[in-house]
Amino acid sequence: MTIPMSCPTESGLQLLGAAFAIAAAAFWIYSARVEMPSTAIDELAIGDLSKISESFGRQSRRSACAAWCAAAAAILGAVLIFSPTCINLG
């Protein structure tokens, strides 16, 4: 089964898939760079727990964005598997 599409459409989907993949990588790197408070466990106070919770929340939101971008890139890749290959030699 092939999905009929023109060469510009196929190229656009390829570029969009690549953009989503790059965005996913950027969000995951951004997520990994969330700074955590450097408080020893023995010295934790209520304010520190709040800061740690905020840090985990930021990290989770960024990872979620990365996961959605990766999913979009995978879906576009799956669509392109079933499209005919455009070869333009002219």
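Note that this is a predicted model, so its numbers are computed, not measured. The analysis underlying the following values was restricted to heavy atoms, covering all of them including side chains, and did not include hydrogens, waters or symmetry mates. In this chain, residues are counted from 1 in sequence order.
- Interatomic distance, OG1 of Thr9 versus CG of Leu16, reported as 12.0 Å (0.5 Å rounding).
- Atoms CD1 and CG, on Ile75 and Leu13 in that order, are 12.5 Å from each other to the nearest 0.5 Å.
- The stretch residues 18-27 participates, sequence neighbours left out, in no side-chain hydrogen bond (donor to acceptor under 3.5 Å, both in side chains) pair at all.
- In the hydrophobic clustering of ILVMFWY residues, with side-chain heavy atoms under 4.5 Å counting as a link, Leu15 and Ile22 come out apart.
- Looking at every heavy atom in both residues, Ala23 comes nearest to Cys69 through CB-SG, 3.8 Å.
- Of all non-hydrogen atoms in Gly17 and Ala73, the two that sit nearest each other are O-CB, 3.5 Å.
- To the nearest 0.5 angstrom, Gln14 atom CD is 5.5 Å from Ser11 atom OG.
- Nearest heavy atoms, Arg58 versus Glu35: NH2-O, 4.1 Å.
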Under 3.5 Å, side-chain donor or acceptor atoms of residues 25-33 against the rest of the protein: list the pairs with distances, not counting sequence neighbours.
from, atom 1, to, atom 2, distance (Å)
Tyr30, OH, Arg62, NH2, 3.3
Ser31, OG, Gln59, O, 3.2
Ser31, OG, Ser63, OG, 2.9

